Amino acid sequence: AVRRPACATLPCLPSLPLLGSLLSLRGDLPPHLQFTELGRKYGGLFGLYVGPHYTVVVNNFRHAREVLLQKGKEFAGRPKMVTTELLSRGGKDIAFADYSPLWKSHRRLVHSSFAMFGEGTSKLQTIVCEEATGLCSHLLASAGQPLDPGPVLMRAVTNVVCTLVFNSTYQPHDPELKVVMEYNDGIVQTIARGGLVDIFPWLKIFPNKDIKRLKECISVRDKLLCRKLEEHKASYRPEDTRDLLDALLKGQLGSGEESTITDDHVLMTAAEAFGAGVETTSTTLLWVLAFLLHHPEVQERIHRELDEQVGRDRTPSLADRGRLPYLESTLCEVMRIRPVSPVLIPHVALQDTSIGGHSISKGTRVLVNMWSIHHDPQQWEEPEKFKPERFLDSEGHRFSPPYFLPFGAGPRVCVGESLAKLELFLFASWLLQRFTFGVPQGAPLPDLQGRFGVVLQPLGYTMSVTPRPGWTDQSVTT
Ligand code: HEM
Ligand code: PLO
């Protein structure tokens, strides 16, 4: 009983009822690599069945542009998935909520409150620089010993998001921070074993013990968030928006469409900003350091650029962004070669429409394989090579080609994009102004393949930290 594909003109993987195209998929490959490989046989655009759900995979830029930008609104839906429904109380967040007018105003509210903390004001910069200072003195204290950069980066990034969402920060040994790290870790490990794609029948991939652990972690998270929300309500003053929670409360009390968002929406949004803010940024920074350990010549060139453009007498600031094109290109190259979200979040067609002239019916799921777009040899010369200078033009200015889309594009583009870029720039420039990162004696180079869970992460590694001339004294870092 092989199923007839929903779209007659598109190639489709063989599919059985219930199992969908499972038998044609390889359990040992993460979805982005699997789809890239299948693309060689079926072409850049093909269909498959994820259990009962007809799903179209988009492997090339031309079709991705159609889905995300030209027909962005038609493809702005999200599927219901077992674990993300649990995570977001049935889609009361932004990322996993299906399209609706309420979602739209909810998203706009979140976006504008991020903008409020963003580049216009210097508040965000102050927050990040404060954490960068703390991070640098921690690194200086560990100079000479092998260091796992994961936990220290995680804490710095957590504190940035914490200030933004709750207007509070954690000291290194705060027990609440430990609780946050633990529940977050539990969610990351259970929410998306095979990626966010729910590609295998969920009972197979999410054994009950995982669902149980996920529920426990969510419940710990929710208790903590509820407490924060109650504290905020008690001290809320409309004239002083301290953070994202205040901005959401203000929206709730206002007269716009967003005034119908519930306390559940407020909680889920805070949880998501927190989760997204921490997981993506810290992972990207870990990839940056991993690639720099592999490419000391890139690190040297960044050092040179920093020495020439910033020097030692002051710390880098956002105003230096235009002056550090090579550093910025390195960050882009890292996000190209290892996008943290290689197949984005699944999209859904909200109406009957088409991709590349093939008709697509309402409800079809669409997976945009950003990995294959970022590794397409037709667009990128030697796509497997790490070459930051590919983002520089002949005059040394940075440029960003249209097929470089680490944050997605269109109505579902990442809401944290400018926040993330700002953080990456400030953390990277502060760290590299002061330190040289290397491989500890006898230790292996970091693995660059990574592991795909909810985001594409590098495996754990250790590095050595050496202060650069002029930065050896603890007193200069405070
Ligand atoms: C969505 C990338 C940081 C919040 C996304 C998507 C990508 C992405 C690819 C999915 C787009 C789609 O489905 O078409 C990244 C990268 C980051 C980053 C590469 C950092 C390097 C952040 C941060 C936040 C954030 C810091 C918030 C504080 C969100 C939210 C969505 C999202 C709420 C869902 C948007 C929607 O569905 O409408 N991000 N992100 N992200 N991101 Fe990010
Ligand atoms: C990370 C673990 C948190 O505990 C919960 C959470 C919320 C939002 C998710 C994030 C996790 C992973 C990265 C996601 C983000 C929304 C957008 C972002 C999926 C699961 C990306 C990169 O698409």
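Quick note: numbers below take in every heavy atom, side chains included, and nothing from hydrogens, waters or symmetry partners. Both ligands and their constituent atoms are indexed starting at 1 by order of listing. The model shown is predicted, which means the values in this text are computed figures rather than measured ones.
Ring planes of F291 and H295: parallel class, angle under 30° (limits at 30 and 60°). Between F274 and F166, the ring planes are tilted. Angles from 30° to 60° get that label.
Residue S341 holds the heavy atom nearest to atom 23 (O) of ligand 2 of all those in S88, S341, C414. Closest to atom 10 (C) of ligand 2 by heavy atom, among A273, A95, A276, P406, is A276. When V110, L244, T280, V67 are checked for heavy-atom proximity to atom 18 (C) of ligand 1, T280 turns out nearest.
Counting protein heavy atoms only, atom 2 (C) of ligand 1 is closest to P406 O, 3.6 Å. Closest to atom 26 (C) of ligand 1, if we only count protein heavy atoms, is G277 CA, 3.6 Å. Among protein heavy atoms, atom 35 (C) of ligand 1 sits closest to R107 NH1, 3.4 Å. The protein atom (non-hydrogen) at minimum distance from atom 17 (C) of ligand 1 is F407 CE2, 3.3 Å. For atom 31 (C) of ligand 1, the closest heavy atom belonging to the protein is A95 CB, 4.1 Å. Given atom 1 (C) of ligand 1, the protein heavy atom at minimum distance is C414 CA, 3.7 Å. Nearest non-hydrogen protein atom to atom 27 (C) of ligand 1 is F114 CE1, 3.8 Å. Nearest protein heavy-atom neighbour of atom 23 (C) of ligand 1: G416 CA, 3.8 Å.
Ligand-side atoms of ligand 1 in range of A276: 4 (C), 24 (C), 25 (C), range being under 4.0 angstrom from any heavy atom. Proximity to E272 (heavy-atom distance under 4.0 Å) selects the following atoms of ligand 1: 33 (C). Close approach to T284 involves these atoms of ligand 1, each under 4.0 Å from a residue heavy atom: 21 (C). Residue A273 approaches ligand 1 through these ligand atoms, each under 4.0 Å from one of its heavy atoms: 28 (C). In the vicinity of V454, heavy-atom distances shorter than 4.0 Å reach the ligand 2 atoms 12 (C), 20 (C). Ligand 1 places these atoms under 4.0 Å from at least one heavy atom of R78: 12 (C), 13 (O), 36 (C), 37 (O). Taking every non-hydrogen atom of T280 and a distance limit under 4.0 Å, the qualifying atoms of ligand 2 come out as 22 (C). Interface of I187 with ligand 2, defined as ligand atoms under 4.0 Å from a residue heavy atom, comprises 4 (O). Listed by atom number, the atoms of ligand 2 under 4.0 Å from N184 heavy atoms are 2 (C), 3 (C), 4 (O). The distance from ligand 1 to the heavy atoms of S341 drops below 4.0 Å at these ligand atoms: 9 (C). Close approach of ligand 2 to V188 (heavy-atom distance below 4.0 Å) involves ligand atoms 2 (C). Atoms of ligand 1 lying under 4.0 Å from any heavy atom of V340, numbered from 1 in the order shown and given with element: 16 (C), 19 (C). Interface of A420 with ligand 1, defined as ligand atoms under 4.0 Å from a residue heavy atom, comprises 3 (C), 20 (C).
For the ligand labelled ligand 1, residue F274 lies outside the 4.0 Å heavy-atom shell. Within the structure, the closest approach of H347 to ligand 1 falls below 4.0 Å when heavy atoms are considered.
In terms of modelled atom types and a separation under 3.5 Å, the side chain of R221 and the main chain of N184 share no donor-acceptor contact. Within the 3.5 Å criterion, the main-chain N or O of H374 finds a donor-acceptor partner in the side chain of R336. No donor-acceptor pair under 3.5 Å is formed between the side chain of T281 and the backbone N or O of V278. Side-chain atoms of S372 come within 3.5 Å of backbone N or O of N59 as a donor-acceptor pair. With Q34 contributing its side chain and L29 its backbone, the two residues share a donor-acceptor pair below 3.5 Å.
For the residue pair H375/T36, the side-chain donor-acceptor check at 3.5 Å is not satisfied. Side-chain polar atoms of K71 and S354 form a donor-acceptor pair below 3.5 angstrom.
For I94, heavy-atom contacts with ligand 1 shorter than 4.0 Å involve the backbone as well as the side chain. Heavy atoms of I345 found under 4.0 angstrom from ligand 1 belong to the backbone as well as the side chain. Contacts with ligand 2 closer than 4.0 Å are made by no heavy atom of D93, backbone or side chain. Contacts of W103 with ligand 1, taken as heavy-atom pairs under 4.0 Å, involve the side chain alone.
Two rings, from W371 and F35, have their centers 6.0 Å or more apart. Aromatic rings of F386 and H294 (six-membered ring for Trp) have centroids beyond the 6.0 Å cut-off, not under it.
Within a 6.0 Å sphere centred on CD of Q171, other residues, nucleotides and ligands contribute 12 heavy atoms or fewer.
With D222 as the fixed residue, the salt bridge (charged side-chain N to carboxylate O under 4.0 Å, His left out) test singles out one of R89, K228, K92: R89.
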>> For Y54 and Y49: C-alpha separation, side-chain torsions, deciding distance, then whether ring-ring contact (aromatic ring centres under 6.0 Å, His included) applies.
In response: CA-CA 5 Å; Y54 181 63; Y49 278 87; 5.4 Å; yes
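Salt-bridge check for K212 with E216: passed, with a basic side-chain N closer than 4.0 Å to an acidic carboxylate O. Taking the charged nitrogens against the carboxylate oxygens, R301 and E305 have no contact shorter than 4.0 Å, which rules out a salt bridge. Here D263 pairs with K233 in a salt bridge; the nearest charged N to carboxylate O distance falls below 4.0 Å.
Residue contacts with ligand 2: E272 is placed with no nitrogen or oxygen under 3.5 Å of a nitrogen or oxygen of the ligand (distance criterion only). At under 3.5 Å, not a single nitrogen or oxygen of T281, backbone or side chain, sits near a nitrogen or oxygen of ligand 1.
Taking 4.5 Å as the limit, some side-chain heavy atom of D352 sits within range of a side-chain heavy atom of K362.
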